[in-house]
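Here's the structure, in structure tokens; my notes come after.
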Amino acid sequence: MRNEAFYTAFTTRDLAAMKSLWASEMHVSCIHPGGVPLFGREAVIESWVQILSSPVRSSLQCLEPKVHLLGEDLALVVCFEQHGTETLTATNIFAFESADWVLIHHQSGPVAAEVSALADIPAPRLLQ
């Protein structure tokens, strides 16, 4: 699975790697924290161009990934993201395209403080 490659591309600001992770034949979408939904490869890749070319360097670490295979050609990864001092939750959806797993959707957003009390998940570092 290429979930780790997504976080590596972000942290190393490798735009070519990020582009290669996204589907080119299937419809894609992305919702960045606090952002509006983006639809289509052109809009999604342009958002990554802006993010990865920002003068502010930041790392993004995937924590506690849970992978769910949905048939033979679709996978869902739900995880926490550590972005500096902020903890987010994320969903990455991968599909099998042209003999490889590619992203078709990424969504990330803040974690509510109440989440750790309601679910069987580890408390995010920021909220401990």
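Residue indices begin at 1 and follow the sequence shown. Quick note: numbers below take in every heavy atom, side chains included, and nothing from hydrogens, waters or symmetry partners.
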Is there side-chain contact between V102 and W22, with at least one heavy-atom pair below 4.5 Å?
no

For Q107 and A90, indicate whether the former's side chain and the latter's backbone hold a donor-acceptor pair under 3.5 Å.
no

Should the pair E64-K66 be classified as a salt bridge under the 4.0 Å nitrogen-to-oxygen rule?
yes

Taking it one step at a time, do E81 and T87 satisfy side-chain hydrogen bond (donor to acceptor under 3.5 Å, both in side chains)?
CA-CA 6 Å; E81 293 178 342; T87 300; over 6 Å; no

Less than 4.5 Å apart, any side-chain heavy atom of L15 and any of V49?
yes

Min side-chain heavy-atom separation M18-L52 under 4.5 Å:
yes

Is there side-chain contact between N3 and C62, with at least one heavy-atom pair below 4.5 Å?
yes

Return the CG to OG1 distance between L76 and T91, rounded to the nearest 0.5 Å.
6.0 Å

Under 30°, 30 to 60°, or over 60°: which ring-plane class applies to F96 and W101, parallel, tilted or perpendicular?
perpendicular

Considering only heavy atoms from C-beta outward, does the side chain of F94 approach that of N92 to under 4.5 Å?
yes

Counting only N and O atoms by type, is there a donor-acceptor contact under 3.5 Å from the side chain of R41 to the main-chain atoms of E25?
no

About how many Å separate CD of Q61 and OG1 of T8, when rounded to the nearest 0.5 Å?
10.5 Å

Determine whether I104 and L74 make a side-chain contact, defined as any pair of heavy atoms from C-beta on separated by less than 4.5 Å.
yes

Looking at every non-hydrogen atom in both residues, tell me the closest pair between I31 and P37 and how far apart they are.
CG1-CA, 3.7 Å

Identify the two heavy atoms, one from S108 and one from L88, that lie closest to each other, and give their separation to 0.1 Å.
OG-CD1, 3.4 Å

Shortest non-hydrogen pair, P110 vs T89, comes out as O-OG1, 4.3 Å

Taking the side chain as every heavy atom from C-beta outward, state whether C79 and Y7 have any pair of such atoms under 4.5 Å apart.
yes

Measure the acute angle between the ring planes of F10 and H83, then classify it against the limits of 30° and 60° as parallel, tilted or perpendicular.
perpendicular

Backbone of A17 reached by a side-chain donor or acceptor of S20 within 3.5 Å
yes

Can any side-chain N or O of T11 pair as donor or acceptor with the backbone N or O of L60 at less than 3.5 Å?
yes

Out of curiosity, C30 SG to H106 NE2, how far, rounded to the nearest 0.5 Å?
5.5 Å

Is there a side-chain contact between E42 and E46 in this structure, where contact means two heavy atoms from C-beta onward sitting under 4.5 Å apart?
no

